[in-house]
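Each remark here refers to the structure printed beneath this line.
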Amino acid sequence: MAELRDEKGLAKAERYYTDYGVRARELKAEGKKIIGYISALCPVEVLTAAGVVPFRLKGNVNEAITKGDAYMETIVCPFVRSVFDSAIKGKFNFIDGMVLPHQCDSLDRTSDVWRDYLNLPYFHFLNAPHVTDDPSIEFMKELLKLFIKTLEEYTGKKITDEDLKQAIAKHNENRRLMRGLYELRKVNPPLISGVEMIKVLIAAMGLPVDESNKLITEVIDEVKARAIPSNGLKKRIMIIGDQIDSVDIMDAIEGAGAYLVMDDISVGSKMYWQDIDTDKEPLQAIAERYLRKLKIPTNFVDTGGTYEDNLNARFGHMRRYIEEFKVDGAILFIYKYCDPYGFEVPAIKSYIESAGVPVLYLEDEYSTSTIARMKTRIEAFLEMMA
Amino acid sequence: MAEEKKGRAVATKTAASIPKFVRGNLAATLKAKEEGKKVAYAYIADGQDEIMRAMDIVPAWGESFAGVCAAKRDAEKYLQKAESDNFSRSLCTYATCTIGFDMVREELGGGAVPDAPWGGMGRPDMILGSAQLLCDPRFKWPQATQHYLRDVPVFVGSMYYPPFDPKMDHHEQEKFYVKYATEELRECVKFCEKHTGKKMDWDRLAQIVELSDRTWDLFIDTYELRKAFPTPMDTGDAMNTMVPLTFNLGTQEAYDFYKQLYDELQQKIANGEGVADPEKYRLIWAAGLPSWFALGDFQYFNSKGAVFPVEVTYRGCEKIERLELPKTNDPLEHIAWRWVRYWTHWYDKARKRPGSLPKVERIIEYIEEYKCDGVVFHSAFSCRSWHAGIIHQAETLKKVYREIPILILEGDIVDISSYNEADTHNRIDAFIEAVDSYKKRMN
Amino acid sequence: MAFFLGIDVGSGYTKAVVCEDTSLRSYSIIPSGGDYRKAALESSENALKKINISMSDISNTIATGYGAAIVDFARQTLSDISCHAIGINYLFPSVRTVIDIGAQYSRAIHLDSEGRIVNFIMNEKCAGGSGKFLQVTARILQMDIKDLGRLSLTSEKPVEFTTACAVFAESEAVSRISEGALPADIVAGIHKAMSSKIIVLATRVGLVPDYAVTGGGAKDIGLVRAIEKELKTNTFVAQEPQITAALGAAIFASSR
Amino acid sequence: MINYFAGVDIGSTMTKVVIYGEGIRAMIIGPTGPEHRKLANKVMEEALIQAHLKFEDLSYIIATGYGRINVPFADRQVTEITCHAKGLHSLLPTVKTVVDIGGQDSKGIKIKDGRVVSFVMNDKCAAGTGRFIEIMADSLGVPLNDMGRLSLTADKPAMISSTCTVFAEHEVTNQLSGGETLPNLVAGIHESVATRVASLVKKLNIEPDVAITGGGAKNIGLVKALEKKLGCPVLIPPEPLITGALGAAILAKEIFEKYTKEGQVPERSKSGLQEAKFFD
Ligand SMILES: Nc1ncnc2c1ncn2[C@@H]1O[C@H](COP(=O)(O)OP(=O)(O)O)[C@@H](O)[C@H]1O
Ligand SMILES: Nc1ncnc2c1ncn2[C@@H]1O[C@H](COP(=O)(O)OP(=O)(O)O)[C@@H](O)[C@H]1O
Ligand code: SF4
Ligand code: SF4
Ligand code: SF4
């Protein structure tokens, strides 16, 4: 791999994206333990502190779900089915274990299936609550302790508060850097395209945090060096959804003649916008970040105030993105059979539209097989906005 | 479209009184205003029944109302209404049916909805949801409802039990799970106090909890009578007789109902009266909510000589003594323990049989005790909570127990649009033949 | 010496089998069309004529399949799952997993060592992946359905199909052709798509060897090879796999 | 001098061309073959003959429909959603909700001032599309043209319980042999499609006037069934099949005029009307 050693920034991200898991495989060969996880709800800091490599699992939109359907009902959301299908087909044969946080029924109700059929040396179901009040934080801390205990047993290494603090610092740095890259999307036209961005996001989530930090820094340097482009004429789009983790839909959006400038997806801004407080006891700080700060629909938010207050608490960040990133239109892309996102659609849609930004709601499979129809809808949406 | 399908003719007299119960529950929500009571949207098995009863809050059950709409084959208009505001068809249809109804009622000013099945439900004063078990809709549905009933406050509590992990002892964890659940129930009380303006009468609560415990016991005693040959009652009836336990827990009516059912079953056993004549095959309904619009399918089974002496669905309780609950004077803590143990009391057993699961242990135990020859699951497409993981349960059952015939029917609870009777009957026919050959093989 | 008749009224084809005691004497396969009763009569008569006997020589008749209920001259009906089990056990007693590919439905049946059904599973509300695909493909390529199999075996690069709908597979195939895809690759692509659906069913009943493929789909060697590739083992295919259920019905008739 | 514009709508089933000057100068409808480009040429040539024009007389051409990217001589591609709205608005300006039933998909479009404000499209399933009706017509042996008329004589539409087109096809033939009348079956088929389409378009808050376009609008039985399911009358443009192509042509005119007003010339496609080559 000598010829690749000079590869940097976007080129590196491209390779990590295209051959997802290539770096994890190398690290595995070096004797590192690779722990796969699903969802932005997994406290990666704990994994980093344990000295293992957190590796976010993704599905494959280009491959039909075949083997997985023999074990998992088709009423599970297609994203989860696709990840499981990839796993059972051996695409992640380099992982030593897996963490499945309790994000939603599609994950919760299939946790036995993951455990029993993948049969990994390490498996942990993190039973995170959905409610975010004080008792829930205390409960989450108990769950984190349990999580830590299982990891310690697995690695044979104690996880100290100091380890946690260091991991928190590194991941906060990671988030800060990524937000810096997002900054470069604010200009018009953005310095980095949505397609490039998703590649960086995917590449980053498959790396140990130090390498991820280095990659993002390189990308920022590379992108910053680009000539400031002349004024862009295309519409600026934000995409919203859960784990949208392939270029195809981004490509469809940009190919239809728009700039993809922002996201509220679980491999994107949802991962990077909220830091962990460093002035608190680590478990408390981690629990608070994952329950209260993380903006995912499975963290129940109720202000006790008016409905309008609740909406602001749940979706206010999207309005801020709209302003900061000068978003002209939003695409809400939800997978079928997803209750947590599905039940939010009317509320999100009307909330964003009330900010004067039109919303295209797409409910679809996790598959490129429907991409042609998606394109038509996206093009029509852009024509509608023109 | 309201082509009313004749409901299933029930086998027991007691079950025939169920429509009265259901109507009564719906009517209570409409009458509550006159009586100065508060109405709460509530969700079954959330552990909050006794709190509501103790505070004279009238529960309005969307799950019951949507079931009624489905059974009357009159849910489509509400499903469509919800869909018109972008609620996907793949979401829980209890929720989307009820939300559709809410939307219609709001458009009519919040009062009665003239053409609603059985008069519909009254507008709630509060919504009492619950996160985590049992499902996502239990907390997303209340939130989504608030989009249409903006002034109605929402409470979402949290009732968790430790997940099963063959490598991990759950007993340690139970304590902090119970502590958490107790605190969340306390939050629920606070919320109810705030929105009813009343204080909780803790003695009354304790009495109601005690009554529920007795109802749990009586329910199980009654249902265990079904072990008899021929069984005096099958799942077709149980989908009705579950109503008092599920929707009226903590009321004397519920207790009395099971007393009456108990007596009737004993009588039938004495007379040797069964559900099918002759009873040739005994099946277990091993998971899944029923298709409310197709309860007649149970009769189709019966017509083939097949009966269901036992089901997992809606058997939402257990003999209290079997749960070995720690003593406590706090009724909320008692509810929490009862709730957690209801799920975990199968765990030790499951751990003893390598590769097994608690849900599978339960099925095995019932197969053995009720002498079943076949297993039927129903997979409803709009509810992941009870229906995702069924394939794995079936596989595990075959692996750790034995190759018993299994039928997985696919359908929905409310949405009739993918149901095909002829098709379902064909499948049942083939399954009965499989059960028949299994019985021959086992002999 | 007695004659027994088994009739399988499938959604696509109606099959009649005449057995003399338990040996197969003749059979007939005709399209079911709209009138199942007529198809049942016609196929029975065809089969009887071949060995110069008439209905009155038949001791017992069993009907099976989608339209079995309409066959009023049968003494009894039995589901096609059971009939497949009996038929396969008669032909290949070592088979434990039967994969049946019919016109609308595909199913997998798990048998015990005595040929009794242990479990079965079939596709549900959608005909995606069923034998209908083969008919559609044959029509588009303007070929006889019989020749699809061999053509498929010559493919080097099967086309990836993106639709699972049996109806839209047609338009997808058409546009692939217009993009220059070779007919062989189209057929092989269809076979691949179908076999991956079918394997899901087989996996769910347990994947116990030996395997047999039955139904009209089993006549397609390309499809059978695609299935074998997924199973990583060979399968049994009868000389006339489409009559398996009818044969089972006739055998069953002889046992009554 | 009049400027001429063309709209080419390559649908999954039909290819439609409209030439627009001041008013419609030509409209041609032909079946869509697998070779879109070749066919687009042919239909365009026919349209030019009908309009007595040469290809060079066309100032701007827009392609739309499912095969829109396969029209090399078009100057721009626009989705059928925008084009249907545009076309329909020019024909029936009071319409706010458009239902388009085509061969491969059904759509609902809400329009305001001739512009799309929201839309829905069906899933990738043939149920609820024109294809469903075609297949049923075929297996009943009824010409597609007669389906509508036939269903109007039904006394009680047959209940078709399968959603899947493949299953429904068998169900229909069975019912036919079971003695169900042809009109009742055809009406049942229309009800089945109308039910699916209605539940699709009901996702948009339907506002009157409602119109139907696309091939489905040629079928009066389907239109009646849809009116029943939607609970309101439905308008039909004079030649519903060409709505999309007409919209494309009008859009071509608008775009061209916008450019010329600003003193600019829109960029044109370099490909002339030569036949495209497929298999080199
Ligand atoms: N000669 C053949 N070669 C390949 N496939 C065939 C052939 N004949 C029939 N088929 C396939 O078999 C299917 C019919 O199979 P069959 O078992 O008769 O189904 P059913 O019992 O449902 O009518 C057809 O849909 C077609 O796909
Ligand atoms: N004369 C007619 N009578 C009834 N239906 C028709 C008629 N002509 C076309 N159709 C229907 O219209 C459909 C094609 O409509 P069209 O809008 O052209 O679709 P697409 O744009 O996808 O090609 C066919 O599937 C057919 O069902
Ligand atoms: S898309 Fe929805 S159902 Fe799927 S994993 Fe995400 S939250 Fe869960
Ligand atoms: S358990 Fe299932 S049916 Fe009940 S509310 Fe939850 S999702 Fe709906
Ligand atoms: S996708 Fe096609 S095969 Fe499947 S149900 Fe729809 S029409 Fe039938």
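Lettering follows sequence order; numbering is per chain, from 1. Fair warning: this is a prediction, and the values are worked out from it, not measured in the lab.
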Report which part of [X] has an atom under 4.5 Å of a heavy atom belonging to chain A: side chain, backbone, both, or neither.
X	value
B/Gln146	both
B/Gln173	side chain
B/Tyr148	side chain
B/Tyr177	both
B/Ile99	side chain
B/Lys359	side chain

Would you say the side chain of [Y] lies within less than 4.5 Å of the side chain of [X], judging by non-hydrogen atoms?
X	Y	result
B/Ser88	A/Tyr361	yes
B/Leu91	A/Phe343	yes
B/Met168	A/Thr150	yes
B/Gln143	A/Arg314	yes
A/Ser350	B/His147	yes
B/Phe176	A/Leu143	yes
A/Pro129	B/Tyr180	yes
B/Glu184	A/Pro135	yes

Problem set entry | Contacting moiety of A/Asp112, where chain B heavy atoms sit under 4.5 Å |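 For A/Asp112, the contact with chain B is made by backbone and side chain together.
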[options]: which one forms the most heavy-atom pairs within less than 4.5 Å of chain A?
options	answer
B/Ala394, B/Ala144, B/Ala131, B/Ala388	B/Ala388
B/Tyr160, B/Phe87, B/Phe155	B/Tyr160
B/Pro163, B/Gly389, B/Ser385	B/Ser385

Determine whether a donor-acceptor pair (N or O, by modelled atom type, separation under 3.5 Å) exists between the side chain of [X] and the backbone of [Y].
X	Y	value
B/Arg384	A/Ile75	yes
A/Asp133	B/Gly157	no
B/Asp136	A/Asp105	yes
B/Lys167	A/Phe123	no

For this session: Return the orientation label for the A/Phe300 and B/Phe139 ring planes: parallel under 30°, perpendicular over 60°, tilted otherwise.
Result: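 A/Phe300 vs B/Phe139 ring planes: perpendicular.
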Problem set entry | Those residues that, when tested against B/Arg89, pass salt bridge (charged side-chain N to carboxylate O under 4.0 Å, His left out) (two or more places apart) |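 Partners of B/Arg89 by the salt bridge (charged side-chain N to carboxylate O under 4.0 Å, His left out) criterion, ordered by chain and then number, come out as B/Glu76, B/Glu83, B/Asp415.
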Problem set entry | Pairs where residues 291-300 of chain A contributes a residue and the test side-chain hydrogen bond (donor to acceptor under 3.5 Å, both in side chains) is met, not counting sequence neighbours |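 side-chain hydrogen bond (donor to acceptor under 3.5 Å, both in side chains) check on residues 291-300 of chain A returns A/Asp134-A/Arg292, A/Asp277-A/Lys293.
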Exercise. Stepwise, does the side chain to side chain contact (heavy atoms under 4.5 Å, CB included) test hold for A/Arg115 with B/Leu357?
Worked result: CA-CA 12 Å; A/Arg115 186 190 62 225; B/Leu357 299 167; 3.4 Å; yes
